[in-house]
Structures are given as C-alpha cells and as structure tokens.
Amino acid sequence: MATLGNPQNTIAVLQKYNFNFQKKFGQNFLIDTRVLERIIAAAGVTKEDFVLEIGPGIGTMTQYLCENARAVAAVEIDKNLIPILEDTLSDYDNVEVINDDILKVDINRLAEERNGGKPIKVVANLPYYITTPIIMGLFESHVPIDSITIMVQKEVADRMQVGPGTKDYGALSLAVQYYAKPEIVANVPPNCFMPRPNVGSAVIRLTRHTEVPVQVEDEKLMFRIIRASFNQRRKTLANGLNNAPDIPLSKEKIGEAIAQLGVNPSIRGEALTLEQFAKLSNIIENMLK
Ligand code: SAM
C-alpha cells in the first residue's frame, strides 16, 4: 500500500536515513495524498502501461505508480536516495530504479526494451531547474510517448498553454503545442511539498498529437526561426530573423518571405501562430534550396 503521501511518514523516512535535501537537485517532495491521486488520475495510468518516472525522490509517487501501472522505471540522480528507494519500494516487483541523470538516459532504448517500442507514459514531479530540457529532450528525440503528466512551476505551465498575444507566449509554448495538447489539471500550493518551494506549482498533462497539427518540411528550421523570433522580443520579426546567424538569408529575402506570408512587414514574432510559423518556415526552406 502507498504509505508516504503525508508529512509524518515522509519525515520518518528522512530521519531514518538521516537524509539532507539537496537544493541543486530541486528536491521538493510531495506530502499530499489528494495531489498524488489527482496526478495518477490525470495521467490515466492503467495496468497496461509502462511508466517512466523522472526523479522519484523517496518513492512517494512511485508507490502510487507501481500500484496502478504494469511496470515503472524511475530515474533518480541522487545516489543518497537509492538505499531509501530500495526500502520504500520493497513491496513492489514491477519497478526498476535507475541511478542516473535523466538527460543522459537513452529513453528510446528504455521504451524499446521495456515496452516493445510502444508509447510510454511519463509521470513526474519534475526538478524545476531542468524542466525545459527534459520536456524538449523527450519530444525532440522522438521517444514514443502517449502522454507526459508533470508537476512544474505554475508560470512554466502557463507558458506551455498560451497562444499569441499574451506575455507568456514563447518558444516553449510553440514547441509544446507542436508536439502535444497541453492541459493544466491542477494548481498546487507550496504547502503540499517538503520543503516548500518559493513558487506556485501546477500539474500539466501533455497529450501527444497522433498527427502533427501543421505541415512543416524542416522541423529544425522552424524551431530555429521560432527561437530567432523570440530572442529579441521587442524587435520586429524581420529584425529578429536578420540578426540570426543560423538563418542565412539577406534582408531583402527575409522581407520577401514575410510578404509571402501575407502579414504586416513590421509584425513581431510574438504575434504569429504556430500555423504561421510553419508556413514561414516552408517559404524560407524553399528560398534556401
Ligand atoms: N517524485 C518525488 C516527490 O514527488 O516527492 C520527488 C520530486 S523532486 C521535485 C525532484 C526529484 O528529481 C528529486 O528526487 C531529485 O533528486 C531528482 N532529480 C533532480 N535532477 C535530476 C536529474 N537530472 N535526473 C534524474 N533525477 C533528478
């Protein structure tokens, strides 16, 4: 039975092992059963599923995952947590703890070996210092994924969900929305964690699109264009693209591409939709041929 989702039992485990929190690893452990149940329900984990958990900590959410999934792989960077996990997960025979940095793990291989290459579910209370590289790594490496249900900083969850014309809209919004449908499923206050983070948190579910929402000839080029457009937020799209060393087009050609897109020449990148970025990328791709 899952036993760790409350402050008393968490403190007992921490004391038993004389565990010291490491700030550099973004360690804020969940101590609220309602939040844990909400995450498992939102992730829709069933006995068919292979789940990858990033950063199990002392194994609080891992216990819930083991009870609901067919198999769980939990990747934890902090070696001091490994003996604790051996203890707290000793009742479960469907979990494998991997002591490694998630950014170095070959997740494609893991999905292939443990799930026959079929789509996996990712569920995690993420270390906030590497939220973006983790999410982008999962998408860009084309790991077979069904959904990613994660606790992130509230502000980052907002950035993933918004569209053009809002202050939070940026390269992360476009990347996430190109690959998946984002839905915030819960807002979580600091008192649900130990120690308390100094920011609000939210659980967001990213459901992988079965078909990409826009047709792009060169995905990498589109993301170079998106990054260039948001690098200098206060500048026009034309200036952003002109100043990007990895977009080798003359000022005139960039002007021509923006004209072909059919938007105002002084438009800012932050006003463009994903469809428009895809179209612009296809126009530029043709010019570069
Ligand atoms: N899942 C636990 C919970 O909800 O109570 C802990 C979540 S805590 C926010 C983040 C966890 O990720 C910590 O256990 C931390 O040590 C681990 N972590 C940090 N950086 C990591 C990395 N690069 N790779 C794998 N795990 C990491």
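For the numbers below, each heavy atom of this structure counts, side chains included, while hydrogens, waters and symmetry mates do not. What you see is a predicted model; the values in this text were computed from it and never measured. Just follow the structure's listing: the first ligand is 1, and inside any ligand the first atom is 1.
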key: Any donor-acceptor pair under 3.5 Å from Glu48 side chain to Arg70 backbone   = no
request  = Indicate yes or no for a side-chain donor-acceptor contact from Asp49 to the backbone of Ala71 under 3.5 Å, with no hydrogens or angles considered.
outcome  = no
For Gln27, atoms of ligand 1 separated by under 4.0 Å from a heavy atom = 13 (C), 15 (C), 16 (O)
query = Considering only heavy atoms of Asn28, which atoms of ligand 1 have at least one such atom less than 4.0 Å away?
reply = 7 (C), 8 (S), 9 (C)
request  = Determine whether the side chains of Ser201 and Tyr128 contain a donor N or O and an acceptor N or O closer than 3.5 Å.
outcome  = yes
Glu53 neighbourhood, listing ligand 1 atoms whose heavy-atom distance to it stays under 4.0 Å = 1 (N)
Protein residue, atom and distance nearest to atom 23 (N) of ligand 1, heavy-atom basis = Asp101 OD1, 2.9 Å
request  = May I ask whether Leu81 has any heavy atom positioned less than 4.0 angstrom from an atom of ligand 1?
outcome  = yes
ask   = Does Ile82 have any side-chain contact (heavy atoms from CB on, under 4.5 Å) partners at least two apart in sequence or in another chain, and if so, which?
value = Glu76, Leu85, Glu86, Val97, Asn99
query = Can you find a non-hydrogen atom of Asp100 under 4.0 Å from ligand 1?
reply = yes
task = Can you pull out the closest protein heavy atom to atom 5 (O) of ligand 1? Residue, atom name and distance to 0.1 Å, please.
result = Leu30 N, 2.8 Å
N/O separation below 3.5 Å, Gly26 to ligand 1 = no
query = Does Glu275 come within less than 4.0 Å of Lys279, counting only side-chain N to carboxylate O?
reply = no
query = Going by the angle between their ring planes, with limits at 30° and 60°, are Tyr179 and Phe223 parallel, tilted or perpendicular?
reply = parallel
ask   = For Tyr129 and ligand 1, does the shortest N/O to N/O distance drop below 3.5 Å?
value = yes
key: Check: Glu112 main-chain N/O paired with Asn115 side-chain donor or acceptor under 3.5 Å   = no
Asp87 side chain to Tyr17 side chain, donor-acceptor N/O pair below 3.5 angstrom = yes
key: Those atoms of ligand 1 less than 4.0 Å from some heavy atom in Asn125   = 3 (C), 4 (O), 7 (C), 8 (S), 9 (C), 10 (C)
message = Please list the nearest protein heavy atom to atom 27 (C) of ligand 1 with its residue and the distance rounded to 0.1 Å.
response = Ile77 CG2, 3.5 Å
ask   = What is the closest protein heavy atom to atom 19 (C) of ligand 1, and at what distance does it sit?
value = Phe25 O, 3.1 Å
message = I'd like the name of whichever of Gly55, Pro133, Gly57 reaches closest to atom 1 (N) of ligand 1 through any heavy atom.
response = Gly55
request  = For Leu126, counting its heavy atoms only, list the atoms of ligand 1 lying under 4.0 Å from any of them.
outcome  = 9 (C)
task = Please find out if less than 6.0 Å separates the ring center of Tyr129 from that of Phe25.
result = no
inquiry  = Under 4.0 Å from a heavy atom of Glu76: which atoms of ligand 1 are those, numbered in the order shown and with their elements?
reply    = 13 (C), 14 (O), 15 (C), 16 (O), 17 (C), 26 (N)
ask   = Ignoring hydrogens and geometry, is there a side-chain-to-backbone donor-acceptor pair from Ser281 to Phe277 under 3.5 Å?
value = no
task = Give yes if a backbone or side-chain nitrogen or oxygen of Ile102 is under 3.5 Å from a nitrogen or oxygen of ligand 1, and no if not.
result = yes
inquiry  = Taking only non-hydrogen atoms of Met61, do any sit less than 4.0 angstrom from ligand 1?
reply    = no
message = Looking at Ala180, is its backbone amide N or carbonyl O close enough to the side chain of Arg208 to form a donor-acceptor pair, meaning the two atoms are under 3.5 Å apart?
response = no
inquiry  = If you count heavy atoms of other groups shown closer than 6.0 angstrom to NZ of Lys47, is the number above 12?
reply    = yes
ask   = Mind checking whether Phe193 has a heavy atom under 4.0 Å from ligand 1?
value = no
task = Just jot down the ligand 1 atoms closer than 4.0 angstrom to any heavy atom of Val75, in number order.
result = 25 (C), 26 (N)
request  = Answer with yes or no whether Leu4 contacts ligand 1, where contact means a heavy atom under 4.0 Å from a ligand atom.
outcome  = no
note = When distances are taken from atom 2 (C) of ligand 1, the protein heavy atom at minimum range is Pro56 O, 3.3 Å
message = Can you list everything that forms a ring pair (Phe, Tyr, Trp, His ring centres under 6.0 Å) with Phe193? Sequence neighbours excluded, please.
response = none
